[in-house]
Amino acid sequence: MAVYEDLCNVRNIGIMAHIDAGKTTTTERILFYTGRSYKLGEVHDGNAVMDWMEQEQQRGITITSAATTCFWNNYKINLIDTPGHVDFTVEVERCLRVLDGVIAVFCAVGGVESQTETVWRQANKYSIPRIAFINKMDRVGADFDRSLKMIAERLGANPVAVQIPVGCESTFEGIIDLIKGKMILFDDASLGQEVREVDIPELYQQKFTAAHMILLEKLADFDEVIMGKYLENKPVLPDEIYSALRKATLNLDMVPVLCGSAFKNKGIQPLLDGVIRYLPSPLDVPSVEGVDEEGKVATRKASDDASFCGLVFKIMSDSFVDNIAYLRIYSGTLKVGDRVYNSVKKRHEKVSKLLKIHANKREEVKEIGTGDIGALVGLKFTTTGDTLCKSGDNIVLDSMDFPEPVIGVAIEAKSKADEKKLAESLQKLALEDPSFTISVNKDTGQTIVSGMGELHLEIIIDRLLNNFKASANIGKPQVAYKETISIIQEAEAKFDQHTGAKGQYGHVVLQVEPLPRGKGFLFVNEVNEDQIPSTYLTAIEKGVVDSLDSGPLIGYPLTDIKVKLIGGSYHVEDSTEMAFGISASMAVRRVLSEADPLLLEPIMSVEVTTPDQYLGEVINDLNSKRAKIGIVESNNMLQTLHAQVPLVEMFGYSTSLRSITQGRASFTMIFSQFDVVPALKAESIVKKIRGI
């Protein structure tokens, strides 16, 4: 496949939404109507092209992001379908980092749901232009206007409808295009492939006129041409509306809103037109920025003639070939046989094979160009978030932030012979997923694997045992606690050793104090050069950080702590960085147990949606789990309850909720923050873990 020449005709987009809003079904329709797939794949049948993993097909949910390429009206669309479950939010994060635009899918019944807010914030973080697709207009309870209002109120966006539905629920039959002034109908017999544009019936003329005027009013705030014509009551041409709407979308001033029903094959072709019309090409987004080896800002222009630069946003293990690295190319071209430089790891890599990806299928290519997304095989040192560039270029692009795991389980090989295979398999999984970590408990010697939630760990264990064929015994899920302190304390430590001609001397006085929840760690130097030269400060800070990896209560990492260097001394000949690092570590470890340590636990934001009649039972059940109940919202005989609940209390909650609501309620939970465990509860946890 040749490098795609006209970057104006390329779109790098993702599809994001709350779980079960219809992302994968929408993607399957896109593949079908663009000719990428010859038949419709269905999530509920387990044959969706993009949900290719065995675990995805069994559960009917997206677990890992899947990439593909399709073509629509001579435009090339690189498309990534992302997960909607909160446990796999890292997949959304790393995909959004390299995408230029996004389709946000909303359920017409649920509107803006909890995970929608999370992925929307992630898109805000990377300033990604969006269009919204209100899906499931055929479902009972579908409400287009309510969903539009929720996008504005909950997400702080400026949605503008460019389509309105024709009918609703069982009477939904098509859409009205507010720009063309036409009704669009989709033929059921051809699975929606035949699309007809007809004049708007008299029945819908008044509704069309009102919605069209709202569209023009909103656009007039951002476009002088439309404002002039609107004030003079002159007709505005469709091309003028398209141009103004594209500009407002790229500037993040507006979110065009479309609608349809992916499952009923309605609204997908106009959605593809919307992708082309409103979302950016690689030339419409700012040139990528990084830092050079001197720490100065460096930019790379989106051009095949520019120096090669790309970001690895995902690593995938493969049983048949070496690891596959997914890459977004921001500038230049990459060819088979090229040598590239990993500016993060400071290592050279050879490009032995280039691939274009279609879900789990691969197509070998000779070259990948600017603005494209592809994959490399055989990289030895590269991991997620690394920058690859031309040798000697040394630019480092911004990487990604990954959340810390909040739940862990103990794992051990079934026999001595299985230990090596288990260790190798775990390392492969950790390389794939930055939110999955492996650690060893210093006290028990147990290997602990940690992730973002029960489902995340369940999928990891499933893949470990079934895909990697590792034999292992799995413990029960455990919460990843943290520790902190509650009072200010000072500590002094001196490391003074003389062995042979050269001595070792380091002397520090430190003050530790608590920080507000969520502030992490802060190191502050308050001594001058006469007391301790600045050349030793890095070693002192490292000694402090190293000592915070295990707290005095039960050995969990410490957080929300400020450490000040307030005194000390040095020796001109004997002082070394190692001596100061050791003395700093000694001082911190000495003072932590005296600073009234506290145990912190992960708190989850929980959203429960239940029929009216079960609300009381749901609240009582949550109260028994130390929940802090927030607001309760009512919608169409359903109640949506928001609460803050400790993670340790949420184990097995899905079973509990099904039991008290006869399976009619659902819930989602997202990590919120760490907070202090009540004293009596903390005491029992400490005793249990210590084995007292």
Side-chain angles (χ1 to χ4, degrees), residues 7 12 93-100 125-127 282-283 285-315 322-323 325-352 354 367-402 431 434 520-523 525 529 533-546 576-578 580-581:
L7 282 178
N12 291 312
E93 178 80 19
R94 59 183 172 188
C95 292
L96 290 179
R97 170 64 183 83
V98 298
L99 293 173
D100 299 328
K125 176 180 176 181
Y126 295 113
S127 300
L283 296 177
V285 296
S287 296
V288 68
E289 287 189 351
V291 294
D292 59 22
E293 54 190 338
E294 296 178 357
K296 296 179 181 178
V297 175
T299 60
R300 293 293 179 269
K301 185 180 177 183
S303 169
D304 285 342
D305 298 327
S307 181
F308 165 70
C309 176
L311 183 73
V312 174
F313 65 95
K314 179 176 178 175
I315 300 289
D322 292 328
N323 291 331
Y326 286 70
L327 177 79
R328 162 69 191 266
I329 298 182
Y330 287 100
S331 63
T333 59
L334 191 61
K335 299 177 182 178
V336 174
D338 284 353
R339 282 182 64 81
V340 295
Y341 183 63
N342 184 324
S343 54
V344 176
K345 300 292 193 304
K346 309 295 184 188
R347 304 293 292 266
H348 285 89
E349 299 265 27
K350 185 174 181 179
V351 180
S352 59
L354 287 174
E367 185 177 2
I368 301 177
T370 298
D372 219 340
I373 292 174
L376 290 76
V377 176
L379 301 185
K380 302 297 183 185
F381 313 106
T382 301
T383 55
T384 301
D386 285 356
T387 301
L388 298 181
C389 58
K390 183 179 178 182
S391 203
D393 204 6
N394 292 352
I395 185 173
V396 177
L397 305 179
D398 283 342
S399 187
M400 294 147 265
D401 297 322
F402 299 117
L431 185 66
F521 166 73
L522 182 63
F523 178 78
N525 171 39
E529 285 277 330
S534 57
T535 52
Y536 298 119
L537 294 181
T538 301
I540 293 172
E541 183 174 358
K542 185 178 184 303
V544 171
V545 171
D546 290 346
T576 63
E577 290 185 359
M578 185 183 79
F580 272 106

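The two residues N525 and L537 make their nearest non-hydrogen contact at ND2-CD1, 3.4 Å. Between L327 and L334, the closest heavy-atom pair is CD2-CD2, 3.8 Å. Across all non-hydrogen atoms, the minimal contact from P282 to L7 is CD-O, 3.5 Å. In terms of heavy-atom proximity, S331 sits nearest to A306 at CB-CB, 3.9 Å. Closest approach of R300 and C309 over heavy atoms only: CG-CB, 4.1 Å.
Side-chain contact between R339 and S391: absent, with no pair of heavy atoms (C-beta onward) separated by less than 4.5 Å. Under the 4.5 Å side-chain criterion, counting only non-hydrogen atoms from C-beta, V340 is not in contact with N342. Y126 is listed as a side-chain neighbour of E93, based on a closest heavy-atom distance under 4.5 Å. A 4.5 Å side-chain heavy-atom check between L311 and M400 finds at least one atom pair inside the cut-off. Looking only at side-chain heavy atoms (C-beta outward), L376 and V312 stay at 4.5 Å or farther from each other. Contact of the L388 side chain with the L379 side chain is registered, since non-hydrogen atoms from C-beta on lie closer than 4.5 Å.
Checking side-chain atoms of E541 against main-chain N and O of F523 turns up no donor-acceptor pair under 3.5 Å. Put simply, the side chain of D292 gets close to the backbone of E294: a donor and an acceptor are under 3.5 Å apart. Side-chain N or O atoms of T383 include none that pairs as donor or acceptor with a backbone N or O of L431 at under 3.5 Å.
Here the straight-line distance linking atom CG of N12 with atom CG of D372 works out to 7.0 Å at 0.5 Å rounding. Atom-to-atom distance recorded for T370:OG1 and D305:CG is 8.0 Å, nearest 0.5 angstrom. Note that CG of D386 is 7.5 Å distant from OG of S343, once rounded to the nearest 0.5 Å. Between L99 atom CG and R94 atom CZ the span is 12.5 Å, to the nearest 0.5 Å.
A cation-pi arrangement is not found for R97 relative to F313, the charged atom failing to lie both closer than 6.0 Å to the ring centre and inside a 45° cone about the ring normal. Note that R328 lies outside the cation-pi zone of Y326, set by a 6.0 Å cut-off to the ring centre and a 45° limit from the axis.
By the neighbour-count criterion of 12 heavy atoms within 6.0 Å, atom NZ of K345 is densely surrounded, having more than that number from other residues, nucleotides or ligands. Shown here is K335, whose NZ atom has no more than 12 heavy atoms of other residues, nucleotides or ligands within 6.0 Å.
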Salt bridge (Lys or Arg N to Asp or Glu O under 4.0 Å) between K542 and E577: does it pass, once the steps are laid out? CA-CA 10 Å; K542 185 178 184 303; E577 290 185 359; over 6 Å; no
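No donor-acceptor contact under 3.5 angstrom links the side chains of Y330 and E289, judged on distance only. Side-chain polar atoms of T333 and D304 form no donor-acceptor pair below 3.5 angstrom.
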